[in-house]
Amino acid sequence: MNFAKLLPADVLLAWYDRHQRALPWRLTPEAHAAGDRADPYRVWLSEIMLQQTTVKAVKPYFERFVTLWPTVESLAAAGEEPVLREWAGLGYYSRARNLIACARRVATDLGGRFPQTSLELQDLPGIGPYTAAAIAAIAFNERAAVVDGNIERVFSRYFAISAPLPQAKADIREHVLAATPSLRPGDFAQALMDLGATLCTPRSPACALCPLEEGCVARRGGNPTAFPVKAPRKVKPVRRGAAFIAERAGDGAVLLVKRPVKGLLGGMSGVPTTHWTARQDGETGISAAPLAGEWQRAGTIGHVFTHFELRLDVFHAVICSQTAASATLDGWWSAPRHLPEEALPSVMKKAISAALPQAFAPAPQRGNLA
DNA sequence: GAGACGTGGCT
DNA sequence: TAGCCAAGTCT
């Protein structure tokens with residue numbers, strides 16, 4: 001493809017040298033100047049965590065992971081459970097399972113070294129076109145076309161691309177490849193992402209501060225927020241279900257089960273629930289309770305997933321230790337002080353909290369509460 | 001290609 | 001507030 005115009009990498013890189021964000025997975029400018037190279041493990045880990053996830057949400061998780069598992073070998077040697085527990089709350093849990101699979105493949109099959117090309121990286125579990133290009137560019141200096149949501153937005157505005165996403169992806173990718181410099185491809189990608197995150201934002205872009213303002217076609221046209229054009233999104237269906245908080249008499253332990261590896265919240269822990277279906281009737285679902293007991297309604301929680309909205313009726317029962325001990329269970333009883341450490345997705349914590357408000361209450365502060 | 005797949009923050 | 005949105009991947 002032949003482009004009459006390129007997005008100017010030199011201008012963007014000059015801006016990046018002044019305004020880049022300091023991020024835990026990023027080399028400091030001083031370290032970079034001293035000749036340090038980015039650690040492929042940290043680049044990979046951060047890129048997996050950042051898939052569809054905000055920088056703010058990722059930061060504490062990233063810090064915790066690199067503290068617990070500073071190398072790909074240490075992560076590969078970790079059990080699945082501790083990794084899922086640490087991932088709990090970050091969402092998109094298949095990422096955590098792929099993370100483990102990828103670490104083990106790198107540690108065992110590849111001698112602990114990540115492949116250095118985007119082509120090979122993309123063969124690893126959890127690494128798609130974006131992540132492969134990002135790792136190759138940032139860690140291995142490959143002139144790879146890195147295209148994420150930020151970069152799609154920046155380019156669709158800069159060139160006023162009127163075709164809607166995702167159809168425009170191929171066109172955008174060509175523009176990105178053409179503009180990517182051989183010298184600092186990783187910095188170029190990160191500069192675009194910083195620009196998209198801080199100036200060329202979805203809602204109210206700060207065009208007056210943008211280093212690319214001069215050549216930006218959308219800016220010239222006066223309506224940068226008209227780009228990127230996207231297909232209208234579909235309405236979220238509502239599903240309903242019931243969740244059962246079984247509390248063991250005596251110690252207050254809660255019955256947990258491990259969810260099937262495939263599907264929603266796959267491989268994570270949770271309380272027993274009915275299936276989540278589209279049924280709208282007032283049926284309680286108590287008949288699906290995992291144990292005999294005096295089940296009481298503890299409320300209804302709402303939770304919004306990417307593709308549906310859930311309304312979950314929460315039931316609570318105190319189970320006498322006799323029943324708790326004798327019943328056939330495929331789960332386990334988790335004592336109150338262990339509950340916060342379980343691999344519980346947010347929706348499960350929300351359900352448990354509806355019945356047991358103190359379950360995940362923040363640790364009491366020292367000193368007096370006003 | 002389109003749908004499944006989480007969560008929390010921001011406007 | 002109710003959407004909209006975030007450094008996507010897998011099937």
Side-chain angles (χ1 to χ4, degrees), chain A residues 20-21 23-26 42-62 84 87-99 101-102 121-139 144-154 164-167 169-170 173 176 186 188-198 200-205 225 228 230-237 239 259-268 270 276 301-310 343-350:
Chain A
Q20 66 178 271
R21 292 175 290 175
L23 299 172
W25 45 87
R26 212 174 250 184
R42 294 168 66 95
V43 173
W44 163 73
L45 179 62
S46 67
E47 290 299 343
I48 300 297
M49 288 183 165
L50 286 161
Q51 290 168 3
Q52 295 290 285
T53 309
T54 58
V55 165
K56 180 179 169 54
V58 165
K59 275 182 182 173
Y61 283 85
F62 178 83
L84 293 181
W87 196 277
L90 241 204
Y92 286 132
Y93 298 101
S94 66
R95 290 185 297 172
R97 301 192 299 276
N98 284 150
L99 188 82
C102 183
L121 283 162
Q122 212 178 145
D123 284 340
L124 266 16
I127 299 184
Y130 161 75
T131 306
I135 297 170
I138 296 168
V146 179
V147 187
D148 77 324
N150 285 306
I151 294 173
E152 284 176 352
R153 185 170 59 256
V154 171
L165 288 171
Q167 289 88 336
K169 277 176 179 287
R173 192 183 173 287
V176 174
F188 178 72
Q190 295 181 91
L192 285 167
M193 293 191 273
D194 277 18
L195 189 77
T198 62
C200 195
T201 55
R203 303 291 186 89
S204 46
T225 56
K230 290 187 177 178
R233 67 180 53 205
K234 294 164 183 171
V235 295
K236 278 185 211 287
R239 295 186 196 171
R259 296 177 59 85
V261 172
K262 290 189 61 118
L264 193 70
L265 312 178
M268 301 298 285
W276 300 341
I301 63 154
H303 193 78
V304 181
F305 292 97
T306 306
H307 54 298
F308 69 94
E309 189 181 323
L310 176 66
L344 292 167
S346 294
V347 65
M348 294 298 173
K349 291 188 174 183
K350 204 186 282 188

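All values derive from a computational prediction rather than experimental measurement. Letters A, B, ... mirror the listed sequences (proteins, then strands); counts begin at 1. Excluded from the calculations below are hydrogen atoms, water molecules and symmetry mates; all remaining heavy atoms, backbone and side chain alike, are included.
The base of C:dG8 lies outside donor-acceptor range of the side chain of A:Tyr130, with no N or O pair under 3.5 Å. Side chain A:Thr306 to base B:dG6: a donor-acceptor pair is found below 3.5 Å. A donor and an acceptor atom sit less than 3.5 Å apart, one in the side chain of A:Thr53 and one in the base of B:dG6.
Going from atom CH2 of A:Trp87 over to atom P of B:dC5 covers 17 Å, rounded to whole Å. Between A:Asn98 atom CG and C:dT9 atom P the separation is 11 Å, expressed in whole Å. One interatomic measurement links the two molecules: CG of A:Leu50 to C1' of C:dG8, which rounds to 11 Å at whole-angstrom precision. Taking atom CG of A:Asp148 as the reference point, atom C1' of C:dT9 lies 14 Å away to the nearest angstrom. As a whole-Å value, the separation of A:Lys56 NZ from B:dC10 C1' is 11 Å. If you take OH of A:Tyr92 and P of B:dG3, they are 14 Å apart, rounded to a whole angstrom.
Counting non-hydrogen atoms under 4.0 angstrom, A:Val347 reaches the backbone sugars and phosphates but no base. Residue contacts for A:Gly196: at a heavy-atom cut-off of 4.0 Å it reaches no nucleic acid atom on any strand shown. Heavy atoms of A:Pro345 sit under 4.0 angstrom from primed sugar atoms or phosphate atoms, though from no base atom. Residue-level contact check: A:Gly266 touches neither bases nor backbone, having no heavy atom under 4.0 Å from any strand. Contacts of A:Ile151 with the nucleic acid, taken as non-hydrogen atoms under 4.0 Å apart, are absent. The residue A:Leu23 sits close to a base: some heavy atom pair falls under 4.0 Å.
Dashed line: the shortest gap from a side-chain N or O of A:His303 to OP1 or OP2 of B:dG6 is not under 4.0 Å. For B:dC5, one of the phosphate oxygens OP1 or OP2 lies less than 4.0 angstrom from a side-chain nitrogen or oxygen of A:His307. Using a 4.0 Å cut-off, some side-chain N or O of A:Lys234 falls inside it from OP1 or OP2 of B:dG3. In this model, the phosphate group of C:dA6 is approached by a side-chain N or O of A:Arg153 to a distance below 4.0 Å at OP1 or OP2. A:Arg95 has no side-chain polar atom (N or O) that falls below the 4.0 Å cut-off from OP1 or OP2 of B:dG6. Phosphate contact (OP1/OP2 of C:dT9, side-chain N/O of A:Thr131, threshold under 4.0 Å): present. For A:Gln51 and C:dG8, the shortest distance from a side-chain N or O to OP1 or OP2 is not below 4.0 Å.
Two residues, A:Lys236 and A:Gln122, neighbour DNA chain C, and the one matched to the more 5' nucleotide by heavy-atom proximity is A:Lys236.
Looking only at atom types and distance, the side chain of A:Tyr130 has no donor-acceptor partner in the side chain of A:Gln51 under 3.5 Å away.
With P as the reference atom, B:dG8 and C:dT9 are 22 Å apart, rounded to whole Å.
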Item to check | Residue pair A:Phe305, A:His303: steps toward the ring-ring contact (aromatic ring centres under 6.0 Å, His included) verdict | outcome: CA-CA 7 Å; A:Phe305 292 97; A:His303 193 78; 4.8 Å; yes
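For A:Pro164, the side chain to side chain contact (heavy atoms under 4.5 Å, CB included) criterion is met by A:Gln167, A:Val229, not counting sequence neighbours.
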